[in-house]
Number of protein chains: 2
Amino acid sequence: MADILNERSQNILEAIVEDYITSAEPVGSRAISRKYDFNLSPASVRNVMADLEEMGLLCSPHTSSGRIPTGKGFQYYIDTLLNVRTLNRNEKQNLRNSYRFQNMRMEDVMQEVGRVLSGLSQYTGLVMAPKFISTVFRQIEFIRLTQGRLLMIYVSETGLVQNKVIEADPSLTVSDLEQIGNYLNSELNGLSIQEVRSKLNQELQEDRIHYDKLKKQALKLSCAALQDGIEDQLYVSGASLMLGQPEFSTPEQMKRLVHAFESKKLLIELLDRGQSAQGVQIFIGSESSQIDLEGCSLITSNFSNQKGAIGTLGVIGPIRMNYSQVVPIVDFTAQLVSRVLDREIDQD
Amino acid sequence: MADILNERSQNILEAIVEDYITSAEPVGSRAISRKYDFNLSPASVRNVMADLEEMGLLCSPHTSSGRIPTGKGFQYYIDTLLNVRTLNRNEKQNLRNSYRFQNMRMEDVMQEVGRVLSGLSQYTGLVMAPKFISTVFRQIEFIRLTQGRLLMIYVSETGLVQNKVIEADPSLTVSDLEQIGNYLNSELNGLSIQEVRSKLNQELQEDRIHYDKLKKQALKLSCAALQDGIEDQLYVSGASLMLGQPEFSTPEQMKRLVHAFESKKLLIELLDRGQSAQGVQIFIGSESSQIDLEGCSLITSNFSNQKGAIGTLGVIGPIRMNYSQVVPIVDFTAQLVSRVLDREIDQD
DNA sequence: ATTAGCACTCACCTCTATCGAGTGCTAACA
DNA sequence: TGTTAGCACTCGATAGAGGTGAGTGCTAAT
């Protein structure tokens, strides 16, 4: 794709995209020819623009208006023209200082990250906590609520607390539960949930005929507790900032956006897509094809600690986002959070 | 106040309010005289309306438009004219069936309640989980994160899980923590957090010179853990439904609302005001005087279990809410949730 | 290949006219 | 004396007309 455009066309496309990013208005040939010194008259610029439009990189809202980049145009810009600013030492230090992670619960860390991302970018910050399945077992606790109903509390290695109500054999006593907890805590410590699951399944089969009743109970309980059904946690910050963007200024678009942010399902789905990738990823609205998120663009990066718990953070904004500014922020923040996750626990 | 108005004025005010509730448009004298059979001509109705306007119960957006009730008008309507529908057995059963509380975590119960409230009322549902301070102690657990940093997990009697990171003496070993946990769990079980606090303070003073080092550590730890700094949890559901209401149809008002819902602080403040009251409470926008929530009205009721943990739930909508329909829903839901809280634990 | 020139398009603004729902006031009526 | 019919008036909402200007496409000259 990159080679279809000659240098002049590239320069003009870049100029148009960047002008449009700051102005949110259709860009005219005159403006381009004046602001950037290509030594080209408006008429020449117009010729190039007509070509770019034919290639689907630009479009004009109506006959007598300037051009705006299409999704494809932005995609091209991101793929080949965007040069991401790298943060210098000062900027990195400033960013580091923006975050206050001292003595925070994991939930608070996630929320704080979202808040800061949103504040710095002036768009909407998203943070998806590490998925339950990607966490590493640290401790489990069972608390009896009523006959046959237990509250299970699970703490991951990084201090992420999750809980769940499970049904259980009503005959289990409190001291049974304590023993079961102790057994599981010693057996499963340090294993990833995936490892835990396969281990549990394996042992359950082996022990099917075994007579250690308590151990069997323990396996059954932990199966119910850890098998599934713990939902993703998504933190959305600064949704109202999006409503200030000119592309979402009509009531209908606002409703759409708020709905999308509220249901969270769409967003989680979108963030999931990037979970396997490394580094910063950019999804462009049209591509993502979620009606409610039309016109939006998503910059994400995964974070993880050394043992693998993977979460995702990022910024969602209008397609017309300031990528060169936001990308490094998202990138560095992901690195920062990864390091914080590791620091949460003793390195041994 | 009620006695200043004669019956005819009351009838007309009621008619205007109810018409406005369904139409969201200024109500004219002609409409009133036709739809309701007071046997009064529009002219007579106009006379009454002029009186009501003078008393500050009505106002007209401009000279030649119908009247709309003022905040004061709504207040009067709610105080003296509103007759709340009581739910019949069928409706109660339907409402009960709307909620699915089986094997849900407390967090999920709260969220579910918000969702259903919002769905039934078509406005925005609010649920504030019982305040930490109003809960009853059930269990506490300390998990070592790093040298000198502990994760404290607190479970209230109703199964509400909260956690917090606290600093602690780095020399504490894992078995120390276990002992401390056991000690606290046996000592504090069944006490309200307020009782716990006074007990801790008392014992800390008594034991100041004592030589039981571990006990002292236990007291210190639990003080740090339970003293304060656990924030309220507020669940907001169906915010986007509010954006469909005609009074919030302009971009500016939408932004205001979304901002108010997002920051949550305003809402928590507002909900706090009703924490001491019993039964359903109604706050009207102008009265609440929060700029961001102008034009909104709040119907709340507290719920609590037998031991006193108090939370609040309700519905926030335009002042022009269908009170007679929403009030009984909020009322009955609060009763329902109260009962669920009690059922969460063994009755002993 | 580039560009100056020109006719053309179309969103946007403002001005004006019209319409109609609703009012307040007054005079007539039961 | 309370009620009502009649009437002039107000004012938002809607629609159309005209002007403006930014921007385009095309063509012919450089």
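Per chain, numbering begins at 1; letters A, B, ... match sequence-line order. Keep in mind it's a predicted model, so treat the numbers as computed, not measured.
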**Item:** A:Gly73 backbone acceptor or donor facing A:Thr70 side chain under 3.5 Å
**Value:** yes
**Asked** Between atom CD in B:Glu7 and atom P in D:dG2, what is the gap in whole Å?
**Response** 17 Å
**Prompt:** C:dA21 P sits how many Å from B:Asp19 CG, rounded?
**Reply:** 16 Å
**Prompt:** What is the distance, rounded to the nearest whole Å, between atom CD1 of B:Ile68 and atom C1' of C:dA21?
**Reply:** 16 Å
**Request:** With heavy atoms under 4.0 Å as the rule, sort B:Ser44 into base, sugar-phosphate or nothing.
**Result:** base
**Complete:** Atom CD of A:Glu25 and atom C1' of C:dA11 are separated, to the nearest Å, by 12 Å
**Prompt:** D:dT24 C1' sits how many Å from A:Asp51 CG, rounded?
**Reply:** 15 Å
**Asked** Expressed in angstrom and rounded to an integer, what is the separation of B:His62 atom NE2 from D:dA13 atom P?
**Response** 6 Å
**Asked** Under 3.5 Å, is there a donor-acceptor pair between the B:Tyr77 and B:Glu18 side chains?
**Response** yes
**Request:** Do nucleotides 12-20 of chain C as a string where each nucleotide becomes B, S or -: B if the base has a protein heavy atom under 4.0 Å, S if just the sugar-phosphate does, - if no protein is that close.
**Result:** ---------
**Rounded distance in Å - CG (B:Asn47) to C1' (C:dT23)** = 11 Å
**Request:** Send over the distance from B:Leu52 CG to C:dT23 C1', rounded to a whole Å.
**Result:** 15 Å
**Item:** Taking every non-hydrogen atom, the tightest pair across A:Arg67 and A:Ile16
**Value:** O-CG2, 4.3 Å
**Request:** Give a yes/no answer on whether the side chain of A:Arg67 brings an N or O atom under 4.0 Å of OP1 or OP2 in D:dG23.
**Result:** no
**Item:** B:Thr63 side chain near C:dT23 phosphate (N/O to OP1/OP2, under 4.0 Å)
**Value:** no
**Asked** B:Ser237 versus B:Thr124: any side-chain heavy-atom pair under 4.5 Å?
**Response** no
**Prompt:** Would you find a donor on one side and an acceptor on the other, under 3.5 Å apart, between the side chain of B:Asn302 and the backbone of B:Gly279?
**Reply:** no
**Prompt:** With a 3.5 Å cut-off and no angle check, do the side chains of A:Ser44 and A:Asn47 form a donor-acceptor pair?
**Reply:** no
**Asked** So, is A:Arg46 near the phosphate of D:dC26, with a side-chain N or O under 4.0 Å from OP1 or OP2?
**Response** no
**Complete:** All heavy atoms of A:Glu262 vs all of B:Val236, minimum pair found to be OE2-O, 4.4 Å
**Donor-acceptor pair between B:Arg273 and B:Gln281 side chains, under 3.5 angstrom** = no
**Prompt:** For DNA chain C, which residues in residues 29-41 of chain A have a heavy atom at a distance below 4.0 Å?
**Reply:** A:Asn39, A:Leu40, A:Ser41
**Message:** Judged by each residue's nearest nucleotide on DNA chain D, which is more toward the 5′ side, B:Pro61 or B:Pro42?
**Reply:** B:Pro42
**Message:** With no hydrogens and no angle check, just 3.5 Å: does a side-chain donor-acceptor pair link B:Tyr76 and B:Gln10?
**Reply:** yes
